[in-house]
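This chain uses plain numbering: 1 for the first residue, then up along the sequence.
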Amino acid sequence: MKLLLDTHIALWAITDDPKLPQSVVSLIMSPNNEIIVSVASIWEISIKHSLGRRSMPVSGNEALGYFQEAGYRLLSVTAEHAAYVDTLPPIHADPFDRILIAQAICEPMRLITHDALLSEYGELVMVV
């Protein structure tokens with residue numbers, strides 16, 4: 001199964017954060033699953049880290065290295081992904097979350113997130 005990790009889930013995974021549920025750890029560690037991180041998440045990490053946000057414990061460059069070391073596939077933002085955002089209902093205003101939803105729908109793949117509001121986008125969203 002293709003699993004797109006939202007930014008916080010991806011960060012929790014590379015920092016061994018106890019907030020990451022064991023069920024998600026199992027999904028990430030399963031050889032049957034392809035773990036994917038969007039370049040939009042690296043962009044979000046870079047922006048928030050440069051602003052000194054405590055929720056971003058690593059820089060974008062560090063996160064990129066950790067994601068690559070973990071063997072996660074990096075997903076670029078395509079023109080199709082960007083254009084698809086326009087078709088999404090205005091459930092969530094965060095532009096990073098909206099592009100992740102668009103990517104999950106366009107590819108298709110499951111988005112793993114901790115943001116319960118995103119579940120309103122449908123069955124491709126797995127809230128943990």
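The shortest heavy-atom contact between Asp6 and Ser41 is C-OG, 4.3 Å. Nearest heavy atom pair, residue Leu64 against residue Leu74, reads CD1-CD1, 3.3 Å. The two atoms that bring Ser76 and Val39 nearest to each other are CA-CG2, 3.7 Å, heavy atoms only. Considering every non-hydrogen atom in both Thr113 and Ile9, the closest pair reads CA-CG1, 3.9 Å. When all heavy atoms of Val127 and Ala116 are compared, the closest pair comes out as CG1-CA, 3.8 Å.
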Return all side-chain donor-acceptor pairs below 3.5 angstrom for residues 17-31, not counting sequence neighbours, or 'none' if the list is empty.
| from | atom 1 | to | atom 2 | distance (Å) |
| --- | --- | --- | --- | --- |
| Asp17 | OD1 | Lys19 | N | 2.7 |
| Ser26 | OG | Gln22 | O | 3.2 |
| Ser30 | OG | Asn32 | N | 3.2 |

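Scored by the side-chain hydrogen bond (donor to acceptor under 3.5 Å, both in side chains) test, Glu120 finds no partners at all (sequence neighbours excluded). Partners of Glu62 according to the salt bridge (Lys or Arg N to Asp or Glu O under 4.0 Å) rule, which considers only residues two or more places apart in sequence or in another chain, do not exist here. Applying the side-chain hydrogen bond (donor to acceptor under 3.5 Å, both in side chains) criterion to Ser119, with sequence neighbours excluded, gives no partner residue. Under the side chain to side chain contact (heavy atoms under 4.5 Å, CB included) criterion, Pro95 pairs with no residue at all, not counting sequence neighbours. Annotation: salt bridge (Lys or Arg N to Asp or Glu O under 4.0 Å) contacts of Lys48 (sequence neighbours excluded): Glu44. Checked against side chain to side chain contact (heavy atoms under 4.5 Å, CB included), Ile105 has the following partners two or more places apart in sequence or in another chain: Tyr84, Leu88, Ile101, Leu124.
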side-chain contact (heavy atoms from CB on, under 4.5 Å) evaluation trace for Ile36 with Leu5: CA-CA 6 Å; Ile36 302 161; Leu5 307 182; over 6 Å; no
Stepwise side-chain contact (heavy atoms from CB on, under 4.5 Å) test for Leu11 and Tyr66: CA-CA 9 Å; Leu11 283 171; Tyr66 292 136; over 6 Å; no
Working for side-chain contact (heavy atoms from CB on, under 4.5 Å), residues Tyr72 and Ile14: CA-CA 10 Å; Tyr72 299 168; Ile14 63 169; 4.2 Å; yes
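Note that CZ of Arg110 is 10.5 Å distant from CG of Asn33, once rounded to the nearest 0.5 Å. Going from atom CE of Met109 over to atom CD1 of Ile35 covers 11.0 Å, rounded to the nearest 0.5 Å.
For residues 88-100, the set of pairs meeting the side-chain hydrogen bond (donor to acceptor under 3.5 Å, both in side chains) definition, not counting sequence neighbours, comprises His92-Asp97, His92-Asp115, Arg98-Tyr121. Residues in residues 68-88 take part in these salt bridge (Lys or Arg N to Asp or Glu O under 4.0 Å) pairs, two or more places apart or across chains: Glu34-Arg73. Every pair passing ring-ring contact (aromatic ring centres under 6.0 Å, His included) that includes a residue from residues 12-31 is listed here, sequence neighbours excluded: Trp12-His114. Annotation: ring-ring contact (aromatic ring centres under 6.0 Å, His included) contacts involving residues 31-52, sequence neighbours excluded, comprise Trp43-Phe96.
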